[in-house]
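One structure is given here, and the rest of the page talks about it.
Hydrogens, waters and symmetry mates are skipped; everything else that's a heavy atom, side chains included, is used.
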Amino acid sequence: MAGAGKRQRLSLRIAAIPMGLLALSCLYPIFFAVNNALKTRHDYLLDRFGLAMQPTFDNFVQAWTRSHLDQYFFNSVITTAGAVILLMVISSLAGFALACLRFPYRRFIFVVILSSLMIPVQVVLVPYMRTMVGLHLIDTRIGLILSYTAFFLPFSVYMMTAFYSGLPRELIEAARIDGAKLLQVWWHVMVPLGMPAMITLGILNTLNCWNDVLIALLTMQKNRTLMVGISALKGQYSDQIPLFTAGIVIAAAPIVILYIIFQRRIVSGIAVGAVKG
Amino acid sequence: MHKVGLMAAVAAIMVASPALAQEITVWDVNVDEPSNASYYDHAKSAFEAAHPGATLTFLSQPDAEYYTLLGTALASKTGPDVIWANGGAQAKNLVGGLVPLDDKLPDLISKLVGKSAFTAPDGKLYFIPTTLQGHVVYYNKALYKAAGLDPDKPPTTWAEMTKVCDAFKAQGKTACFLMANKEGYEAEFFLSEMANQSLTAQQQVDWLTGKLHWSDAPIKAILQTWVDTAKDGWYQEGGNSQTMFMDEFTLFSQGSAGNVWGLLSNVAHWKVFEKDMGVDKVGVYPMPSPTVAADQHQGAPGVPLDGGVGYGVNKDSPNVDLALDAVKTLASPEVLTYLVNDAGIVPANTLVNTSGIDSPGLKRIMGWLATSAVPTTHANSSAAELDEWHRQSQLLLNGDTTVDAAAAALDKVQAQAKPQK
Amino acid sequence: MEQIGERLGAPCFSKLSDLPMARSSLTETAVASRTRKRSHRSRRAEAIVAVLFLVPALLLVLMFRIIPLFWGFGISLTSATATDPGEFIGAANYLRALDDPNFRSSMVNAGAILLAVPFFVTIPMILAILIDQGVPGRGFFRSVYFFPAVLSSVIIGSIFSIVLGFNGSLNGALKMLGIPGVDWLGRSSTALPVTLIIQSWSTFGMGVLIFLAGLSTVPREMVEAARLEGAKMWQIWWHIIIPELRPIIEFSTVITTIGLLTSMFGLIYVLTGGGPGTSTTVPEYLIWTAQGRLNQPAYAAALSMILFAVTGILAWLQIRMLSRNANL
């Protein structure tokens with residue numbers, strides 16, 4: 001902030017030093033992954049930290065072809081995009097209702113959603129699978145989209161509720177007094193105001209869906225997602241690390257690139273949503 | 001119009017195409033291993049040539065989630081036609097969902113060894129083993145020489161073994177044995193490596209049925225040896241944080257220790273070490289144990305041997321007969337030969353000809369398999385006992401518990417897993 | 001939950017008096033008087049719309065979470081295995097859990113892990129505020145802080161297994177300083193703290209993102225006004241920013257607690273395998289092994305129900321505590 005005093009600016013500069021070191025430590029795993037994906041298994045086992053002296057792209061080719069990552073990639077894109085959009089819309093609607101509207105059993109409904117956040121995934125595995133089989137949703141993308149939406153929804157609804165309950169109420173009232181319907185209030189007020197939280201949710205849910213192994217493994221047994229294919233690359237004895245790492249680099253690259261490209265947008269999106277007071 | 005078209009396209013994308021009626025699906029965790037490629041490719045083409053119109057599909061599964069996936073899928077009847085499993089506790093856990101094979105594939109079964117890892121308490125065979133797994137010691141001949149030992153005379157008795165480790169200790173450069181017990185696997189293998197000679201055949205049977213307990217003298221002696229060898233400085237430091245498959249065997253190839261407890265198939269076997277270290281630089285011997293049971297032979301320790309991995313048929317498969325044929329193909333000598341030659345496994349099918357392989361290590365191993373195979377004690381333990389043994393072995397190694405307390409904790413788990421009527 | 005319910009009871013209203021009323025189109029009095037005029041009918045309409053807004057969320061949560069939960073509770077009362085539905089055995093699985101020393105020590109570990117929750121919440125919060133306040137290099141920090149979260153825990157685990165091994169780089173560095181090496185992941189006393197530090201390092205980026213979103217609700221003018229009046233940085237943090245962030249702090253605390261209790265499996269699996277002994281075994285890890293390797297899904301279901309109950313109570317306590325502070 002431009003108006004910061006001299007002493008504050010100095011404090012911020014001092015704070016930048018440990019924060020920079022932390023940032024470097026966060027860059028290291030990316031370097032480690034790319035570097036080792038370029039090694040043969042043998043070179044990796046001999047020296048994990050050394051630079052790949054004779055870089056090879058074999059692992060990338062292997063990962064891409066042998067494990068059908070080209071097919072799985074498409075599945076991951078469709079299911080992640082579908083689920084992330086559904087999650088944004090549904091959780092924003094639900095968060096608006098829970099945070100700002102009056103209706104009976106609100107607290108009870110909130111408790112139901114919040115407690116479903118705490119259900120360990122293992123207890124529901126078999127019942128969840130039977131439900132999916134019963135609904136003929138096994139091996140369908142729509143089934144996986146609905147599953148992701150359901151699994152990550154409690155978190156998203158809770159976050160939108162927390163976010164909206166921190167907003168000044170008069171913003172909503174203003175729109176309502178102008179005679180707007182609630183759906184319009186949601187669309188014209190709550191969605192723009194909720195943008196910072198929705199963008200954050202978008203990022204977190206993209207990561208959750210994209211990196212998920214277990215739900216996709218159960219739901220899409222034949223027609224798989226990227227991370228399931230990659231997890232299988234590691235092998236029974238976990239000694240296929242360079243091949244696996246190449247897979248991880250392939251999977252992480254779109255996420256990292258998208259994030260960096262949209263970084264500006266994300267920041268300005270957060271700024272647009274910011275309450276001007 | 002455009003919208004409708006788009007919706008239709010999206011709907012078409014969303015619904016996956018229905019499975020082919022004549023498709024046999026195999027779940028396996030080793031499909032993506034490059035050295036296994038020729039085996040799976042030939043199994044597929046052999047099967048599909050014999051069954052026109054049918055396809056054999058291998059799905060590579062992630063190891064960490066495999067048994068969770070399998071359990072959930074079997075419980076909700078969405079499992080594959082053919083199921084891969086490790087021999088021992090894992091395979092035996094699954095038999096309720098499988099087809100018993102004794103009457104279905106009698107010709108094939110008569111040619112197999114290593115069946116007990118896949119035989120249920122009801123006496124029936126539920127998986128066809130493809131590989132054999134066994135436990136032997138590999139040693140570094142150059143390091144033996146450097147420690148003043150004769151590289152062509154590996155130890156055959158416990159006294160000689162102790163001398164070897166004393167020599168390594170006196171030299172003080174490299175450890176005598178590598179210890180990699182982060183996942184608890186070293187402790188598992190140690191159990192079999194010590195029981196090979198110290199348990200009678202009857203005691204091995206009693207172990208399988210749960211009549212021989214952890215606190216009984218022969219097993220407690222093994223726990224004590226585990227502690228004593230660590231105290232005597234046989235191992236490098238930090239064994240409890242050392243991973244086995246990812247690191248230990250590489251360290252051995254690089255000359256970090258004189259000896260390592262290794263395997264016969266899949267990983268850490270003769271072929272890997274002979275390739276990485278040189279055929280004349282690595283030797284192999286069966287592990288001697290401190291006590292020799294009445295029906296065992298001093299100076300000629302047995303080799304713990306059993307089925308390594310195998311394939312079973314899901315009883316809910318819509319094509320059980322076709323699935324049985326797929327298993328038959330996977331275990332046939334013609335197809336298994338590729339796994340032997342390219343991945344270096346020891347086959348469970350005795351019709352596979354290994355005489356063409358030029359490996360002194362394998363020749364010695366095949367000789368022991370014919371004369372001195374003994375049961376693999378850890379494969380005859382329940383999964384729950386092994387899980388507890390992982391924990392207790394780590395605590396023993398750190399000195400956080402006593403042998404008596406560990407044996408008591410293990411007894412409790414054993415009583416629950418193998419209840420005695 | 002009662003307290004958040006109460007806050008929900010006056011949603012968005014609570015801060016009305018705190019906020020400078022700068023919106024040109026309305027004044028405080030106008031809002032208040034017109035709100036009072038709202039008819040009974042529009043109240044009912046509001047309730048109907050609210051329910052409609054919640055229907056998609058409720059349907060999905062019920063179908064894929066709540067109903068399976070009750071179903072899973074049913075399984076926990078049986079002796080089911082993967083291939084056998086088993087028979088009804090009442091509370092036997094729960095009694096077994098109480099008598100299981102590994103489960104007991106995993107609960108103790110869970111308790112120890114909870115002590116770390118304040119760090120897991122405050123560190124990302126401080127970093128987010130600093131980024132928001134314009135620390136030099138903030139764009140770069142914002143980009144890279146979430147990188148560890150993008151990568152698989154297998155890669156994070158592999159790196160730290162090598163760094164922290166007995167012959168690893170950390171002990172190598174210590175040796176140069178004349179400090180004897182420690183088997184960080186192989187000793188009962190150090191394994192859990194080290195695992196927690198790695199977990200916090202690999203997930204703090206997510207927390208930073210959440211707090212950055214929350215910071216956008218802090219009115220800039222208030223911060224600026226305080227600054228012009230000569231308020232010190234810590235005063236602005238303590239009296240303006242942190243109180244405004246309260247809903248997000250509460251959210252982050254609850255989420256972190258749940259996350260630590262129910263999703264550390266991946267990292268523990270590669271880093272320590274739950275050992276040595278049970279020193280890094282959390283309840284979730286036991287549930288995984290019971291469900292998978294041990295083929296005891298009914299016992300896994302019972303352990304899950306216990307963990308669910310404990311997490312629920314903790315979340316309830318946290319929400320109560322944090323919301324009570326809100327009233328101070």
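Here the side chain of C:Glu46 pairs a donor or acceptor atom with the backbone of A:Arg102 at under 3.5 angstrom.
Residues A:Cys26 and C:Phe204 form a side-chain contact, since some pair of their non-hydrogen atoms from C-beta on lies under 4.5 Å apart. For the pair A:Met19 and C:Tyr145, the minimum side-chain heavy-atom distance is below 4.5 Å. When side chains are defined from C-beta on, A:Asn36 does not count as touching C:Ile155, because their heavy atoms never get closer than 4.5 Å. Side-chain atoms of C:Leu212 and A:Thr200, non-hydrogen and from C-beta on, never get closer than 4.5 Å to each other. For the pair A:Leu12 and C:Met233, the minimum side-chain heavy-atom distance is below 4.5 Å. Side-chain atoms of C:Ile75 and A:Pro127, non-hydrogen and from C-beta on, do get closer than 4.5 Å to each other. Counting heavy atoms from C-beta outward, A:Leu135 and C:Met63 have side chains that approach closer than 4.5 Å. Residues A:Leu98 and C:Phe53 have side chains not in contact (no heavy-atom distance under 4.5 Å, counting atoms from C-beta outward).
Chain A forms more heavy-atom pairs under 4.5 Å with one residue of C:Ala82, C:Gly137, C:Ser143 than with any other, namely C:Ser143. Ranked by heavy-atom pairs under 4.5 Å with chain A, the list C:Thr262, C:Ile156, C:Leu130, C:Val270 is led by C:Leu130. Your options are C:Val135, C:Ile67, C:Leu307, and the one with the most heavy-atom pairs under 4.5 Å with chain A is C:Val135. Of the listed residues (A:Leu201, A:Thr149, A:Ile109), the one with the most heavy-atom contacts under 4.5 Å to chain C is A:Ile109. Chain C forms the most heavy-atom pairs under 4.5 Å with one residue out of A:Tyr105, A:Phe244, A:Phe96, and that residue is A:Phe244. The choice from C:Val150, C:Ile48, C:Leu127, C:Leu58 that makes the most heavy-atom pairs within less than 4.5 Å of chain A is C:Val150. Ranking C:Glu284, C:Gln291, C:Lys232 against chain A, the residue ahead of the rest is C:Gln291, based on heavy-atom pairs under 4.5 Å. No other option in C:Gly230, C:Gly259, C:Pro148 has as many heavy-atom pairs under 4.5 Å with chain A as C:Pro148.
Annotation for C:Pro68 and A:Tyr128: closest pair CB-N, 4.3 Å, computed over non-hydrogen atoms. The two atoms that bring A:Phe163 and C:Ala213 nearest to each other are CE1-O, 3.3 Å, heavy atoms only. When all heavy atoms of A:Ser115 and C:Phe308 are compared, the pair lying nearest together is O-CE1, 3.2 Å. Between C:Leu60 and A:Ala150 the shortest heavy-atom distance is O-CB, 3.8 Å. The minimum heavy-atom distance linking A:Ser25 with C:Trp201 is given by the pair OG-NE1, 2.9 Å. Of all the heavy atoms in C:Phe140 and A:Ala23, the pair that sits closest is CE2-CB, 3.8 Å.
Neither the backbone nor the side chain of C:Pro297 comes within contact range of chain A; no heavy atom of the residue lies under 4.5 Å from a heavy atom of that chain. A:Phe32 touches chain C through its side chain: at least one heavy atom from C-beta onward sits under 4.5 Å away, while N, CA, C and O do not. At a 4.5 Å heavy-atom cutoff, the contact between A:Leu22 and chain C is made by backbone and side-chain atoms alike. Proximity to chain C (any heavy atom under 4.5 Å) is restricted, for A:Ile255, to the side chain, taken from C-beta onward. Residue A:Leu117 touches chain C through both its backbone and its side chain, counting heavy-atom pairs closer than 4.5 Å. Of the atoms belonging to A:Leu214, it is side-chain heavy atoms, and not backbone ones, that fall under 4.5 Å from chain C. Only the backbone of C:Ala231 comes within less than 4.5 Å of a heavy atom in chain A; its side chain stays farther off. Using a 4.5 Å cut-off between heavy atoms, A:Tyr28 contacts chain C through its side chain alone, with no backbone atom that close. Heavy atoms of C:Leu69 lying under 4.5 Å from chain A belong to its backbone as well as its side chain. In this structure, chain C has heavy atoms under 4.5 Å from both the backbone and the side chain of A:Leu182. Heavy atoms of C:Ala57 lying under 4.5 Å from chain A belong to its backbone as well as its side chain. Both the backbone and the side chain of C:Ala149 come within contact range of chain A, judged by heavy atoms closer than 4.5 Å. When heavy atoms are compared at a cutoff of 4.5 Å, C:Thr257 does not approach chain A at all. Neither the backbone nor the side chain of C:Phe70 comes within contact range of chain A, judged by heavy atoms closer than 4.5 Å. Proximity to chain C is absent for every atom of A:Met198, based on heavy atoms less than 4.5 angstrom apart. In this structure, chain A has no heavy atom under 4.5 Å from any part of C:Leu303. Heavy atoms of A:Val89 lying under 4.5 Å from chain C are absent altogether.
Separation of atoms CD1 (C:Ile236) and CD (A:Gln8) is listed at 5.0 Å; rounding is to 0.5 Å. The CD1 atom of A:Ile119 lies 10.5 Å from the OG1 atom of C:Thr311; values are rounded to the nearest 0.5 Å. If you take CD1 on A:Ile30 and CG on C:Leu151, they are separated by 4.5 Å, rounding to the nearest 0.5 Å. Taken from CD in C:Glu250 to OG in A:Ser165, the straight-line distance is 8.0 Å, to the nearest 0.5 Å. Here the OG-CG distance, from C:Ser152 to A:Asn211, works out to 7.5 Å after rounding to the nearest 0.5 Å. A distance of 11.5 Å separates CE in A:Met195 from OG in C:Ser216, rounded to the nearest 0.5 Å.
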Walk me through whether C:Ile210 and A:Leu204 qualify under side-chain contact (heavy atoms from CB on, under 4.5 Å). CA-CA 9 Å; C:Ile210 290 172; A:Leu204 297 182; 3.8 Å; yes
Kindly indicate, with the supporting measurements, whether the criterion ring pair (Phe, Tyr, Trp, His ring centres under 6.0 Å) is fulfilled by C:Phe146 and A:Tyr259. CA-CA 10 Å; C:Phe146 103 131; A:Tyr259 185 75; 4.1 Å; yes
Ring pair (Phe, Tyr, Trp, His ring centres under 6.0 Å) evaluation trace for A:Phe151 with C:Phe64: CA-CA 7 Å; A:Phe151 273 81; C:Phe64 290 98; 7.3 Å; no
A:Leu114 vs C:Ile319, side-chain contact (heavy atoms from CB on, under 4.5 Å): CA-CA, chis, key distance, verdict: CA-CA 11 Å; A:Leu114 187 58; C:Ile319 290 172; 3.5 Å; yes
Show your working on side-chain contact (heavy atoms from CB on, under 4.5 Å) between C:Phe73 and A:Val123 and close with a plain yes or no. CA-CA 8 Å; C:Phe73 174 66; A:Val123 71; over 6 Å; no
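Residues A:Phe155 and C:Phe251 place their aromatic rings such that the two centres sit under 6.0 Å apart.
Evaluation of the side chain to side chain donor-acceptor pair (under 3.5 Å) rule for A:Tyr148 yields A:Asp212 as partners, not counting sequence neighbours. Take A:Trp210 and apply the side chain to side chain donor-acceptor pair (under 3.5 Å) test, not counting sequence neighbours, and it matches no residue.
Residue-environment remark: CZ (A:Phe31) exceeds the threshold of 12 foreign heavy atoms within 6.0 Å.
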